[in-house]
Protein chains: 2
Amino acid sequence: MDKIDRRILTILQKDARRAAELIGAEVGLSASAVQRRIVRMREEGIILAEVAVIDPKRAGKALTMIVDVEVERERPELLASLKQWIAAEPCIQEAWYVTGAGDYVLIVLARDVEDFEALMQRLVADNANVRRFQTRVALSTLKRGMWVPLDPSS
Amino acid sequence: MDKIDRRILTILQKDARRAAELIGAEVGLSASAVQRRIVRMREEGIILAEVAVIDPKRAGKALTMIVDVEVERERPELLASLKQWIAAEPCIQEAWYVTGAGDYVLIVLARDVEDFEALMQRLVADNANVRRFQTRVALSTLKRGMWVPLDPSS
DNA sequence: TATGAAAACGATTAACT
DNA sequence: AGTTAATCGTTTTCATA
């Protein structure tokens, strides 16, 4: 991945529909050359996907919660099923396993508080290793996205 | 937004490049009808963007941190500039203002620990209202994305 | 007002230099 | 990597329900 690839990716991360010819004009390449680089980066897995981003509010998901989930580290055999549970749960948008007391951090979308409560009850009921969780409500979303900064040099 | 719109969005949230004709085959509409609905949803702001998702590791951003930032609520005049600072900082990928003791939650990408430390030092140096912060390192990323579940009924 | 069919247009892909 | 030609997808047009 060279400097031009990075510039192409910086553009595509904001607008995946930008025509190769326009990108080429910005980076000083023909449309075909740009297109070839894009195809290559898809194949190499640098570009993981091209997706539509929709407004959660318009989709009836007005609430965002940041949930810290503490699990019992003594029962590692239950971790795989918890991971699967998280993967299968569409309202859990993002999840990380983090340093600390066996903690997971979840980004959860919900229609309302009842919707969220129901999800959390299922989380606890379905996963015996969940010891407790702490919820923080997002009062405002300052920034969202998957945008990765790319050093334009080198 | 009707049931078919929701089905179209569910598809586009996974693959924004899917041809309208293929989507039409799934939802029982012609390519033109699907295309018109997509254009309408872009105009209405339901579809916020169509973006390429890239692998942060391949982009040299191997570390993800979840940072809780505590700010002094007594100085609300400094909040606007903190928000701008966050917006302008490319390594801060996501940010929410959350319930609790004047807390922000940040998702931060970094090349390495030094890179991260430098960012946090700038955060504190540039924003006098930042009282303290707590960092958790993402040991594994279980789930990422902007995918919003859409009730296929109604 | 929304659709499907078909023409016109534009972008991507493939072949060749 | 660039240029051209062929292919494919989108957009527009138009007739219809």
Side-chain angles (χ1 to χ4, degrees), chain A residues 1-61 145-154, chain B residues 1-56 58-60 145-154:
Chain A
M1 190 165 64
D2 65 6
K3 184 175 174 171
I4 293 174
D5 285 340
R6 272 183 267 271
R7 291 178 64 190
I8 293 170
L9 288 175
T10 300
I11 294 165
L12 290 179
Q13 283 190 95
K14 282 177 193 143
D15 178 14
R17 282 167 43 83
R18 181 80 60 90
E21 196 175 341
L22 289 175
I23 298 172
E26 290 188 55
V27 303
L29 237 52
S30 70
S32 323
V34 170
Q35 205 58 47
R36 271 190 290 260
R37 281 166 180 265
I38 294 171
V39 169
R40 195 201 71 229
M41 290 191 285
R42 283 187 196 128
E43 286 166 354
E44 287 178 351
I46 296 170
I47 296 174
L48 295 170
E50 280 142 288
V51 303
V53 179
I54 73 165
D55 185 348
K57 280 174 197 148
R58 301 293 288 274
K61 301 284 179 181
M146 295 290 111
W147 198 82
V148 178
L150 293 163
D151 192 351
S153 58
S154 134
Chain B
M1 190 166 62
D2 65 6
K3 185 175 173 171
I4 292 174
D5 284 340
R6 271 184 270 269
R7 291 179 64 191
I8 293 170
L9 288 175
T10 300
I11 293 165
L12 290 179
Q13 282 190 95
K14 283 178 193 142
D15 178 15
R17 280 166 44 82
R18 181 81 60 90
E21 196 176 341
L22 289 175
I23 298 173
E26 290 188 56
V27 303
L29 237 54
S30 69
S32 334
V34 170
Q35 204 57 47
R36 270 189 293 258
R37 282 166 178 264
I38 294 171
V39 169
R40 195 202 68 229
M41 290 190 285
R42 283 187 196 129
E43 286 166 354
E44 288 178 350
I46 296 170
I47 296 174
L48 296 171
E50 280 141 290
V51 303
V53 179
I54 72 164
D55 185 347
R58 302 293 290 273
M146 295 289 111
W147 198 83
V148 178
L150 293 163
D151 192 352
S153 58
S154 130

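Just so it is clear, the model here is predicted, and its values are computed rather than measured. Residue numbers start from 1 in every chain, and the chains themselves are labelled A, B, ... in the order their sequence lines are given, proteins ahead of strands.
Between B/Met1 and B/Leu9 there is a side-chain heavy-atom pair separated by less than 4.5 Å. Put simply, the side chain of B/Leu12 does not reach to within 4.5 Å of the side chain of A/Val51, judged on heavy atoms. By the 4.5 Å heavy-atom criterion applied to side chains, A/Leu48 and A/Met146 are not counted as neighbours. Using a 4.5 Å cut-off on side-chain heavy atoms (C-beta onward), A/Thr10 and A/Trp147 make contact.
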Practice task
Give the dot-bracket string for DNA chain C, reading 5' to 3', where a pair is Watson-Crick or G-U wobble with both distances under 3.5 Å, ( ) marks pairs inside the strand, [ ] marks pairs crossing earlier ones, | marks a partner on another strand, and . marks unpaired.
Solution key: |||||||.|||||||||

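Within 4.0 Å (heavy atoms only), B/Arg40 reaches no atom of the nucleic acid at all.
Between A/Asp151 and A/Lys3 no salt bridge is recorded (no basic side-chain N to carboxylate O distance below 4.0 Å). Between B/Arg37 and B/Asp2 there is a salt bridge, since at least one side-chain N of the basic residue sits less than 4.0 Å from a carboxylate O of the acidic one. Checked for salt-bridge contact, A/Arg17 and A/Glu50 miss the test: no charged N lies under 4.0 Å from a carboxylate O. Classification of B/Arg18 and B/Asp15 as a salt-bridged pair holds, one side-chain N sitting under 4.0 Å from a carboxylate O.
More than 12 heavy atoms of other shown residues, nucleotides or ligands fall within 6.0 angstrom of atom CD in B/Glu26.
Separating the CG atom in A/Leu150 from the CZ atom in A/Arg7 is a distance of 12.5 Å, to the nearest 0.5 Å.
Protein chain B contacts DNA chain C over a range whose 5' and 3' limits, counting nucleotides with an atom under 4.0 angstrom from a non-hydrogen atom, are C/dT3 to C/dT13.
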Exercise for the section: Go along nucleotides 6-17 of chain D 5' to 3' and tag each nucleotide: B for a protein heavy atom under 4.0 Å from its base, S when only backbone or sugar atoms are that close, - otherwise. Expected result: ----SBBB----

